[in-house]
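The structure appears below as structure tokens.
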Amino acid sequence: MTLLYYLGVPKVVTYSFGILQKGVLKYLVQPSAQNLTFTEDIHDKLSLKAGSREGSQTLTNCSIISPLGPIRVQFPKSLTLEEVIRKNPDVTQGGLYKPLNCTSRKKTAIIIPHRNREHHLKYLLYNLHPFLQLQQLNYGIYVIHQAGSFTFNRAKLMNVGFKEAMKDDDWDCLFFHDVDLIPEDGRNLYTCDRFPKHASSAIDKFGYVLPYGSYFGGVCAFTPKQYMQINGFPNNYWGWGGEDDDIGNRVVLSGMSVLRPSIVYGRYKMIQHSPDKGNEANPERWDLLDKTGQAWRQDGINNLHYKLLSKELLPLYANITVDIGFRP
């Protein structure tokens, strides 16, 4: 047992260090089991907090401790984007938000690669906006839409999201977020740390454990400096699979380690769906992964090419549509 500062407060915890595949260092913080059976309605919690803002005059720094514990993820039937907009009156055009009763200590951009997943996006926004607001973040949500019907390239869209988001603001942190994953615990802070963070350490699809030790898929976070240090995501993974392992390898190759929340805090619910048309398994992924050590410095944010087709500042997010080309 030792005293470790985590989530902004001193807490007696146990922790373990382990060497993962290819040298990735894992930091597992094991909190106490208190409140594990408690769930909150995040929208009710946000409504109460909004009411408490009235009459506030002096702005102080926001807390760095989330008021949330385990969250009841909701999928309301017949949900519309108009309802999501109505429930988030303080979100401004382009999906931007700043706390009204305090000055946020952190600025986080959420990058979501997207194509033909409007149904999932709707439920993610419904749950994610109040989640981020209750963490008192200054945040923006960017949905990066791949135009056309060519094979999907999730990793390249992540690089586009980084480029476009950094044009808007000097974000402290960027979360690269799959559209079908919803966080289930508010103590999983959407802020960056001294190492790149793999936030989705426990997904329900995998029984809330890592499917393998070096898994880096789902939701991950980098400071701009960390992202540039790994040269971003690779651009040459067309179709499903491989790019997450590639970027995990890049973290190690660049001299950094992987930080994870505990499997109690890092819980996510996956929205069930059929395989996407145009995102079939990439038959080249294993060969590409074998070459990461030679390719990562040449293929990434430093050789990114795309054409910006449109940028729409919608009520809940910035919708960025791009032409990223096609598999050579």
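Going from atom CG of Leu125 over to atom OH of Tyr317 covers 7.0 Å, rounded to the nearest 0.5 Å. The line from CZ of Phe176 to CE of Met158 is 7.0 Å long, rounded to the nearest 0.5 Å. Note that CD1 of Ile182 and CD1 of Ile203 are 12.0 Å apart. Values are rounded to the nearest 0.5 Å. For the atom pair Ser257 OG and Arg194 CZ, the distance stands at 8.5 Å (nearest 0.5 Å). Separating the CG atom in Asp245 from the CG atom in Leu289 is a distance of 5.5 Å, to the nearest 0.5 Å. A distance of 13.5 Å separates OG of Ser200 from CZ of Arg267, quoted to the nearest 0.5 Å.
With hydrogens and angles ignored, the 3.5 Å screen pairs a side-chain donor or acceptor of Gln135 with a backbone N or O of Gly186. Proximity of a side-chain donor or acceptor of Arg285 to a complementary backbone N or O of Gly241 within less than 3.5 Å is not detected. In this structure, Tyr123 contributes its side chain and Pro76 its backbone to a donor-acceptor pair below 3.5 Å. For the pair Thr60 (side chain) and Cys102 (backbone), a donor-acceptor distance under 3.5 Å is absent. Remark: side-chain polar atoms of Thr108 are paired, donor with acceptor, to backbone N or O of Tyr190 under 3.5 angstrom. Without hydrogens or angle criteria, Gln229 side chain to Ser254 main chain gives a donor-acceptor distance under 3.5 Å. In this structure, the side chain of Gln146 does not engage the main chain of Pro113 through any donor-acceptor pair within 3.5 Å. Side chain of Asp204 to main chain of Met270: a donor-acceptor pair is present (N/O by atom type, distance under 3.5 Å, no hydrogens or angles). Proximity of a side-chain donor or acceptor of Lys156 to a complementary backbone N or O of Ile324 within less than 3.5 Å is detected.
Between Cys173 and Thr223 there is no side-chain heavy-atom pair separated by less than 4.5 Å. When side chains are defined from C-beta on, Asn249 does not count as touching Trp296, because their heavy atoms never get closer than 4.5 Å. The shortest side-chain heavy-atom distance between Lys307 and Leu309 falls under the 4.5 Å cut-off. Residues Asn127 and Lys269 form no side-chain contact, since every pair of their non-hydrogen atoms from C-beta on lies 4.5 Å or further apart. Proximity of Tyr139 to His129: side-chain heavy atoms (C-beta onward) are separated by under 4.5 Å at one or more points. By the 4.5 Å heavy-atom criterion applied to side chains, Gln74 and Leu79 are not counted as neighbours. No side-chain heavy atom of Pro315 sits under 4.5 Å from any side-chain heavy atom of Val91. Residues Leu132 and Ile110 meet the side-chain proximity criterion, which asks for heavy atoms closer than 4.5 Å.
Other residues, nucleotides and ligands contribute over 12 non-hydrogen atoms within 6.0 Å of the NZ atom of Lys107. Heavy-atom neighbours of Lys98 NZ from other residues, nucleotides or ligands within 6.0 Å: at or below the threshold of 12. Under a cut-off of 6.0 angstrom, the local environment of CZ in Phe326 is sparse, with at most 12 non-hydrogen atoms contributed by other residues, nucleotides or ligands.
Phe216 and Tyr208 end up in different hydrophobic clusters when Ile, Leu, Val, Met, Phe, Trp and Tyr side chains are linked at under 4.5 Å. Ile144 and Leu313 end up in different hydrophobic clusters when Ile, Leu, Val, Met, Phe, Trp and Tyr side chains are linked at under 4.5 Å. In the hydrophobic clustering of ILVMFWY residues, with side-chain heavy atoms under 4.5 Å counting as a link, Leu316 and Leu124 come out together. Placement of Val209 and Val219 in two distinct hydrophobic clusters is found when ILVMFWY residues are connected by side-chain heavy-atom separations under 4.5 Å, directly or transitively. Residues Met228 and Val251 are members of one and the same hydrophobic cluster, defined by side-chain heavy-atom contacts under 4.5 angstrom among Ile, Leu, Val, Met, Phe, Trp and Tyr.
In terms of heavy-atom proximity, Gly69 sits nearest to Arg187 at CA-NE, 3.9 Å. Closest approach of Arg327 to Gly239, counting heavy atoms only: NH2-N, 4.4 Å. The nearest pair of heavy atoms linking Phe233 to Ala155 is CB-O, 3.5 Å. Here the closest heavy-atom approach between residue His145 and residue Asn116 is recorded as CE1-N, 4.3 Å. When every heavy atom of Gly148 is checked against every heavy atom of Arg115, the shortest pair comes out as O-NH1, 3.2 Å. Taking each heavy atom of Tyr142 and Ala109 in turn, the nearest pair found is CE1-CB, 4.1 Å.
Considering His119, His43, His120 as possible partners of Tyr126, the one that fulfils the ring-ring contact (aromatic ring centres under 6.0 Å, His included) test is His43.
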>> Run Asn302 and Arg297 through side chain to side chain contact (heavy atoms under 4.5 Å, CB included) and show every step you take.
In response: CA-CA 8 Å; Asn302 63 349; Arg297 294 183 186 275; 5.8 Å; no
>> As a quick check of understanding, evaluate side chain to side chain contact (heavy atoms under 4.5 Å, CB included) for Phe175 and Leu128, giving each step before the final call.
In response: CA-CA 12 Å; Phe175 264 70; Leu128 189 59; over 6 Å; no
>> Applying side chain to side chain contact (heavy atoms under 4.5 Å, CB included) to Ile141 and His177, what does each step give before you reach the verdict?
In response: CA-CA 10 Å; Ile141 294 182; His177 208 296; over 6 Å; no
>> Using the rule given for side chain to side chain contact (heavy atoms under 4.5 Å, CB included), can you reason through Tyr237 versus Leu288, listing the C-alpha separation, both sets of side-chain angles and the distance that settles it, and then say yes or no?
In response: CA-CA 8 Å; Tyr237 281 78; Leu288 291 170; 3.4 Å; yes
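Considering only residues two or more places apart in sequence or on other chains, Lys163 meets the salt bridge (charged side-chain N to carboxylate O under 4.0 Å, His left out) condition with none of them. Residues satisfying the side chain to side chain donor-acceptor pair (under 3.5 Å) test with Asn159, not counting sequence neighbours, are Tyr227, Asn235.
Aromatic ring centres of Phe206 and Tyr215 lie closer together than 6.0 Å.
Between Arg250 and Asp246, at least one side-chain nitrogen of the basic residue sits less than 4.0 Å from a carboxylate oxygen of the acidic one, meeting the salt-bridge criterion. Note on Arg105 versus Asp172: no salt bridge recorded, every NZ/NE/NH1/NH2 to OD/OE distance being 4.0 Å or above. Salt bridge status for Glu164 with Lys311: absent, with no side-chain N to carboxylate O gap under 4.0 Å.
If you check the side chains of Asn88 and Tyr97, you find no donor sitting under 3.5 Å from an acceptor. Side chains of Tyr268 and Asn188: a donor-acceptor N/O pair is present below 3.5 angstrom, by distance only.
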